[in-house]
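All remarks here apply to the structure that follows.
Just so you know, ligand 1 is whichever comes first in the structure, and atom 1 is the first atom listed for that ligand. If you read the sequence from its start, that first residue is 1, and numbering goes on from there.
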Amino acid sequence: GTVVTHVTVVTHVTFVIHVTFVSKELIMTTTFETPVLRTHFEKSVAAYWNTNQEDPVNLRLGEVDGLFHHHYGVGGYDPSVLEGPAETRDQRIINELHRLESAQADLLLDHLGPLGPDDKVLDGGSGRGGTSIMANRRFGCEADGVSISEYQVGFANDQAARRGVSDKVRFHFRNMLQTELPTASRQAIWTNETTMYVDLGDLYREFARVLDFGGRYVCITGCANDVTGLRSKAVSKINEHYTCDIHPRSAYFKALAENGLVPINVVDLTAATIPYWQLRAKSSVATGIEEAFLTAYQEGSFHYLLIAADRA
Ligand code: GPP
Ligand code: MG
């Protein structure tokens, strides 16, 4: 048959119906143009990050050297920051917290490489851009970050512009469950404390699509302990505080395996992150969630984990 006519009907801006007449038959195909924010949950997560713009715990740390993070820290802190002249004590603690957060991002990148200037990476839930900027600085690679917060995307692109790396580091208002990046186009992907906002099956299906064969995925996350009965009171407090939904440890390995992502390294960072929370609890930028993290980690209901996996 021959195509007689072709009509495009746009309804509600969420999907497009193509109506094609072939001979006398009517053929209708529906192309879903999924919006970035699809569910009530995603809308409330985006609202949290769009309105949380005066957050000294992240802004004051970022101002130390212009790397703005939305994750926690690893490694022992220097106890001398708590002593010495009172008038500079606050800034010494801020500097030290920032050093531990940057050490966490460096550790993530250690598991991501080796990468070079011809490689392309994806930052799933890129926040204010810190880890992407560090990846480009270390490897010279191209980095695309996606976030469902338009405020964060704007902030992160501004940081890339200030550093003169906008040609290689770009942030997009997109959902990491639907990145719009070409299939097999990335040599590496990471999520730095962002997987508690999404369904892991949906996430790893998309990452398996976008990752090149042999590409590396690195995840740093907090997860609930299957062995001790999952969600404790302290873990529930963390979920409530951040509007997130912490997954059990087992859910990661199940979703990775189901999507051709094969773990090569699993590092339990729980002991390494406790000093960060102890110092943060003593700082002027404590937010009130410190005790819940310390309780959850110390009682063993919650782990801070790094998982590295290869796309097979
Ligand atoms: C830190 O972001 C990370 C999250 C909110 C995700 C939850 C992480 C878990 C391990 C459960 P942030 O740096 O914006 O947090 P804060 O403002 O408290 O420093
Ligand atoms: Mg923070």
Notebook entry, point to check: Taking it one step at a time, do Y151 and R128 satisfy side-chain hydrogen bond (donor to acceptor under 3.5 Å, both in side chains)?
Noted result: CA-CA 9 Å; Y151 162 74; R128 284 184 169 116; 2.9 Å; yes
Next item on the list: Determine whether the aromatic ring centres of Y77 and Y276 lie less than 6.0 Å apart.
Entry: no
Checklist line | ring pair (Phe, Tyr, Trp, His ring centres under 6.0 Å) between W190 and H111, worked out | finding: CA-CA 10 Å; W190 71 83; H111 288 264; over 10 Å; no
Next item on the list: Find the distance between NZ (K233) and CD (E299) and round it off to the nearest 0.5 Å.
Entry: 12.0 Å
Checklist line | Lys/Arg-Asp/Glu bridge criterion (N-O < 4.0 Å) met for E96, R99 | finding: yes
Next item on the list: Taking the six-membered ring for Trp and the single ring otherwise, decide whether the centroids of F293 and Y304 are under 6.0 Å apart.
Entry: no
Item checked: pair L107-L306: side-chain heavy atoms closer than 4.5 Å -> yes
Checklist line | Pair Y242 + Y197: ring centers closer than 6.0 Å | finding: no
Check: Do you know which of T195, T191, T194 makes side-chain hydrogen bond (donor to acceptor under 3.5 Å, both in side chains) with T221?
Finding: T195
Check: So which protein residues pack against ligand 1 under 4.0 Å, heavy atoms counted?
Finding: W49, V57, N58, H70, H71, Y72, E193, M196, Y197, G222, I238, Y242, I246, R280, F302
Notebook entry, point to check: Quick one: how many protein N/O/S atoms are under 2.8 Å away from the Mg ion (ligand 2)?
Noted result: 1
